[in-house]
Structures are given as C-alpha cells and as structure tokens.
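Since the structure comes first, as structure tokens, the remarks are kept for the end.
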Amino acid sequence: MANKIRIATTSLAGCFGCHMSFLDLDERLVALAELVEFNRSPITDIKHCGPCDIGLIEGGVCNAENVHVLREFRQNCKILVAVGACAINGGLPALRNSIPLEACLREAYLDGIGVENPHIPNDPELPLLLNQVHPIHEVVKIDYSLPGCPPSADVFWTRLPTLCGCVLEVFNGFIGRKRTEFGLRFGALRLRFWV
Ligand code: SF4
C-alpha cells in the first residue's frame, strides 16, 4: 500500500509494558501492518527517528539520553503521543523523586543487600541520570495522551486513529478475510489523514 502512515515508537524511562500491550493487538497487527510502517522502534532495527506521522513515547525522562531521544522524536514526528502513566506523569519511576539521587545510587550500587564489588558506575558511555524523573510534556510539546499502566490493546486500537487526527474506516465489503488459523474474521481497515 502506497503512502503508509509512518509510526515511530520508543521506550524512555519505561518498562516496555506499554509496547507489550501494543503487541497485544495480536491478530489486528496483521491488518495494521497493511496501513502503517514502523520507523525507529524496539520492533525494528532503525537507530534514529526519521520523518514520521506519529511518534509513540513510552516512559518518562530519567537521563540525558532520554532527553536526546525525546527531542529527536519531537523534531521528526508530526504528532507525538504520550503513551502510559510513565510518559504522562512520570509513573512509578517518579517515586524516586522524593529521594536524593545520591541516596538512590548508594542504595543501588554500594549499600544495597546483595551488592558485590560495590561501586557507582562511571563509564562515560553511560547516560547521566537526571536528579528527578520527569513526564515528557516537561521537555517537549505533546499532542495527545493514552492513559493507563499500560493502556490496553483496545485503547490503542480504538483511540490511536482518532487521537492522531486520522479517520478509521471500516469497509463493509472489504473482505472480511477469514483467518482460519485463528478462526476469526476481520474487516479491512483504512486510515486516512484529514487533509
Ligand atoms: S505506564 Fe506502566 S506499562 Fe507503561 S512503561 Fe510505565 S510502568 Fe510500564
């Protein structure tokens, strides 16, 4: 299909649970694949976000690399969506905000139970931690949010086209193809931008 909608996704300070929930679309991913193509994403091998229609951001911002990646997505995505509680308000990782960063590092790498060879990692390859975990709207402009921890697959399925200014059309006649392997029947879907 020509002119597929380009989607990029990333996980910043997230747990990949939102991506797993997206994959819970299960058989619907087959129909989706006819309509969209994925740019940078954990499910592709593309290293940098290119020009895209939609960027889906899981996770808040906890380190310098998160900031860099988030800005890259903002520069390249027409529509940026905060996916899940972590992206929207920092989520569970933001619980560390009430504890000084140094105390967090000491507990994790020096004083914690079971720590061996205690030292705080300082390889320059490692991104520097921010003092606090931030929701992504504190770093870049966000267009839409999909709440939940994680948002359910049905939320992705029903809200994504609408949230992204697209029209979801179900063609009655297009051919609800029988997927015998699943014993299910699907109508075809078409997404079209309002332009
Ligand atoms: S919102 Fe929940 S599922 Fe999504 S990245 Fe955060 S903790 Fe994981």
Side-chain angles (χ1 to χ4, degrees), residues 5-29 32-33 36-49 52-101 103-105 107-109 112 121 126-166:
I5 293 171
R6 279 162 297 170
I7 295 180
T9 80
T10 190
S11 179
L12 303 177
C15 74
F16 282 92
C18 289
H19 276 80
M20 294 305 296
S21 189
F22 182 77
L23 294 178
D24 281 343
L25 286 170
D26 295 333
E27 309 86 34
R28 290 174 288 189
L29 289 169
L32 193 67
V36 309
E37 62 184 11
F38 285 91
N39 194 262
R40 174 180 168 156
S41 170
I43 61 173
T44 70
D45 195 30
I46 299 172
K47 308 300 184 195
H48 292 282
C49 180
C52 284
D53 299 302
I54 301 165
L56 303 178
I57 309 290
E58 168 196 299
V61 176
C62 77
N63 64 34
E65 188 202 19
N66 293 161
V67 175
H68 174 78
V69 171
L70 181 56
R71 286 178 174 157
E72 183 184 77
F73 267 68
R74 180 68 278 179
Q75 280 179 347
N76 287 286
C77 298
K78 295 174 186 164
I79 296 164
L80 209 55
V81 183
V83 178
C86 297
I88 294 170
N89 60 27
L92 283 176
L95 289 177
R96 82 158 161 91
N97 289 353
S98 60
I99 304 169
L101 177 59
C104 292
L105 291 170
E107 179 65 20
Y109 294 109
L126 296 173
L128 289 174
L129 289 173
L130 306 179
N131 283 333
Q132 298 219 313
V133 178
H134 298 270
I136 60 176
H137 71 80
E138 291 185 3
V139 180
V140 298
K141 175 180 177 291
I142 300 301
D143 300 300
Y144 298 104
S145 299
L146 286 179
C149 182
S152 69
D154 285 341
V155 167
F156 282 107
W157 187 244
T158 57
R159 302 306 300 163
L160 190 58
T162 306
L163 284 174
C164 296
C166 302

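The shown structure was predicted, so the numbers you read here are calculated from the model rather than taken from an experiment. Both counts, for ligands and for their atoms, begin at 1 and track the order of listing.
- Side chain of Glu58 to backbone of Val83: no donor-acceptor contact under 3.5 angstrom is found.
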Item to complete: Show the numbers, then the answer: is there a side-chain contact (heavy atoms from CB on, under 4.5 Å) between Cys62 and Val133?
Response: CA-CA 5 Å; Cys62 77; Val133 178; 4.0 Å; yes

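- Residue-ligand proximity, Glu58 to ligand 1, at heavy-atom distances under 4.0 Å covers atoms 5 (S).
- Among all protein heavy atoms, the one lying closest to atom 4 (Fe) of ligand 1 is Cys18 SG, 2.3 Å.
- The protein heavy atom nearest to atom 2 (Fe) of ligand 1 is Cys149 SG, 2.4 Å.
- In this structure, the protein non-hydrogen atom closest to atom 8 (Fe) of ligand 1 is Cys15 SG, 2.2 Å.
- Remark: ligand 1 atoms within the under-4.0 Å shell around heavy atoms of Ala85 are 1 (S).
- Taking every non-hydrogen atom of Gly148 and a distance limit under 4.0 Å, the qualifying atoms of ligand 1 come out as 1 (S).
- In summary, of the residues considered (Ile54, Leu32, Asp53), a side-chain contact (heavy atoms from CB on, under 4.5 Å) with Ile7 occurs for Ile54 alone.
- The main-chain N or O of Val81 is never found under 3.5 Å from a side-chain atom of Asp143 such that the two would form a donor-acceptor pair.
- Side-chain contact of Ser11 with His19: a donor-acceptor pair under 3.5 Å is absent, judged by distance alone.
- Other residues, nucleotides and ligands contribute at most 12 non-hydrogen atoms within 6.0 Å of the CG atom of Asp45.
- Atom 2 (Fe) of ligand 1 has no N, O or S atom of Cys86 inside 2.8 Å of it.
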